[in-house]
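The block underneath contains the structure these notes are about, expressed in structure tokens.
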2 protein chains.
Amino acid sequence: MARTQTTTAQNYLKELYQLQQRSDGHAPVPLGQLADSVGVTPGTATTMVKRFAGDGLMRYTPRRGARLTPKGEKVALGVLRRHRIVETFLVQHLGLDWSEVHEEAEVLEHAVSEKVLDRLDALLGHPTTDPHGSPIPPAHGKMQRVAMRPLSRCKAGQRVTIGRLLDTAPGFLKLAETLGLVPDTQVRIVEVNEDADAVTVRIGRRKPATLGLAAADKIMVSND
Amino acid sequence: MARTQTTTAQNYLKELYQLQQRSDGHAPVPLGQLADSVGVTPGTATTMVKRFAGDGLMRYTPRRGARLTPKGEKVALGVLRRHRIVETFLVQHLGLDWSEVHEEAEVLEHAVSEKVLDRLDALLGHPTTDPHGSPIPPAHGKMQRVAMRPLSRCKAGQRVTIGRLLDTAPGFLKLAETLGLVPDTQVRIVEVNEDADAVTVRIGRRKPATLGLAAADKIMVSND
DNA sequence: ATGAACACTTTGATTATTCAAAATAAATAT
DNA sequence: ATATTTATTTTGAATAATCAAAGTGTTCAT
């Protein structure tokens with residue numbers, strides 16, 4: 001049965017889910033990474049993960065790492081769904097800036113009931129992505145998987161559409177907004193310079209913008 | 001500084017505030033009552049209240065009871081404000097039934113930031129009462145005090161307006177709704193029978209409704 | 001007054017979550 | 001291979017919040 005419902009558990013599950021997505025390939029996620037994401041010391045993560053494993057929410061191999069079980073993944077997707085629907089609501093109906101809604105949603109995701117969530121979802125017209133372009137897990141059924149690649153791996157001359165921003169830090173999002181790098185925007189790759197560690201892009205007739213590769217790594221795009 | 005910010009502390013403060021309102025007169029509220037309201041055993045309330053007293057949030061006299069300090073009251077009013085604005089939002093914008101929003105708000109009141117609260121408040125047009133007629137404490141300044149008396153203390157023949165429902169239990173609210181006893185409704189007192197422990201009221205041409213005095217006690221009215 | 005009743009407080013434990021620091025294992029470099 | 005570094009786990013302890021049950025003070029009725 002387990003305390004699938006505590007804020008703490010939900011956070012561990014949610015973070016693990018996201019770490020699995022990134023470095024995917026069915027390899028377990030090292031607990032140090034999980035500890036970082038959750039914001040606890042490594043020792044704490046070890047303790048907690050062992051408990052979640054006992055609850056059937058994670059599969060844990062000492063010294064190697066952890067993975068979500070199907071049961072744990074279901075919970076994680078629920079949390080992510082709440083998070084992203086709340087974010088969408090905050091932007092679309094309360095007019096908050098997209099750079100600040102992540103933090104708000106971190107708290108609200110644990111306080112919104114199924115019923116309220118459904119109403120929000122309906123009010124928003126059953127959105128499939130949040131303001132940062134991240135997919136909103138459906139209430140039932142599998143998550144749709146959209147093929148995207150990071151802006152850092154594009155070639156000069158290509159025309160692509162911004163799909164999703166992977167970094168939720170307000171500073172990063174504020175910058176992206178300023179540059180016009182928001183989901184559904186068409187962008188032309190002006191130059192990719194591995195040596196200078198930079199990508200230069202251009203939106204319409206705006207003045208070109210240059211980003212470091214680390215930043216460009218966190219901007220996912222799809223072909224026009 | 002104290003942990004004014006934990007959900008638990010906020011609940012104790014909020015409940016104490018409400019108990020003070022009822023049996024007011026600057027007399028301390030017995031901890032047994034507070035324990036009941038918060039939903040903990042008496043021993044727990046004693047432990048907690050001593051801590052809050054140490055934090056300057058309550059004034060505590062052993063064996064007599066507790067009262068909020070001005071500082072504690074400020075926190076309590078903030079919680080109440082969040083609770084009631086959230087309730088109003090849930091009813092007016094998400095279409096939840098007024099009988100169920102109290103429970104939802106019990107959780108959300110601890111998750112809504114100042115910024116989100118302000119936006120909700122603006123979206124709702126700065127309401128002064130929640131769906132049950134309870135006053136919403138203003139962001140700054142004193143709470144307005146409206147003179148009302150319980151329906152149980154009315155006399156036959158009087159015409160009064162329903163102002164506020166004091167009981168938040170879904171069952172009670174559902175009943176009140178069915179009978180039409182919702183805020184701002186005009187009601188005529190048909191009969192008050194102390195012996196039968198009942199009050200009979202009539203709304204417009206509807207068929208008269210009879211309530212026990214205990215229920216009528218929880219319905220506050222004002223003169224037409 | 002005198003002893004029940006009742007309300008409140010104390011005590012001793014428990015659960016959930018966390019940290020710091022010591023111990024251990026694995027990976028890397030020399 | 002051996003030593004060093006790095007990552008992970010263990011251990012011991014702390015904090016917040018709670019309960020059950022025993023203890024104590026008050027009040028009330030006789």
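Proteins get letters first, then strands, A, B, ... in listed order; numbering begins at 1 in each.
Between the CG atom of B:D36 and the C1' atom of C:dA7 there is a distance of 12 Å, rounded to whole Å. Rounded to an integer number of Å, the gap from A:R63 CZ to C:dA26 C1' is 8 Å. When the P atom of C:dT24 is taken as reference, atom CZ of A:R64 falls 22 Å away, rounded to whole Å. For the pair A:Q5 CD and C:dT15 P, the computed distance is 16 Å after rounding to whole Å. In this structure, A:L31 places its CG atom 10 Å from C1' of D:dA7, rounding to the nearest Å. Taking atom CG of residue A:D55 and atom C1' of nucleotide C:dT17, one finds them 14 Å apart after rounding to whole Å.
Counting heavy atoms from C-beta outward, B:L166 and B:M220 have side chains that approach closer than 4.5 Å.
Side-chain polar atoms of B:D130 and B:T88 form no donor-acceptor pair below 3.5 angstrom.
For B:R149, the CZ atom sits in a packed shell: over 12 heavy atoms of surrounding residues, nucleotides or ligands are nearer than 6.0 Å.
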Using a 4.0 Å heavy-atom cut-off to protein, can you give one letter per nucleotide of nucleotides 10-22 of chain D, 5' to 3': B if the base is in contact, S if only the sugar-phosphate is, - if neither?
B-----SSSBS--
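Remark: B:K218 is positioned above the aromatic ring of B:F172, its terminal NZ or CZ atom under 6.0 angstrom from the ring centre and at most 45 degrees off the axis.
Between B:P28 and B:R64, the closest heavy-atom pair is CG-NH1, 3.8 Å.
Within the 3.5 Å criterion, the main-chain N or O of B:L57 finds a donor-acceptor partner in the side chain of B:T69.
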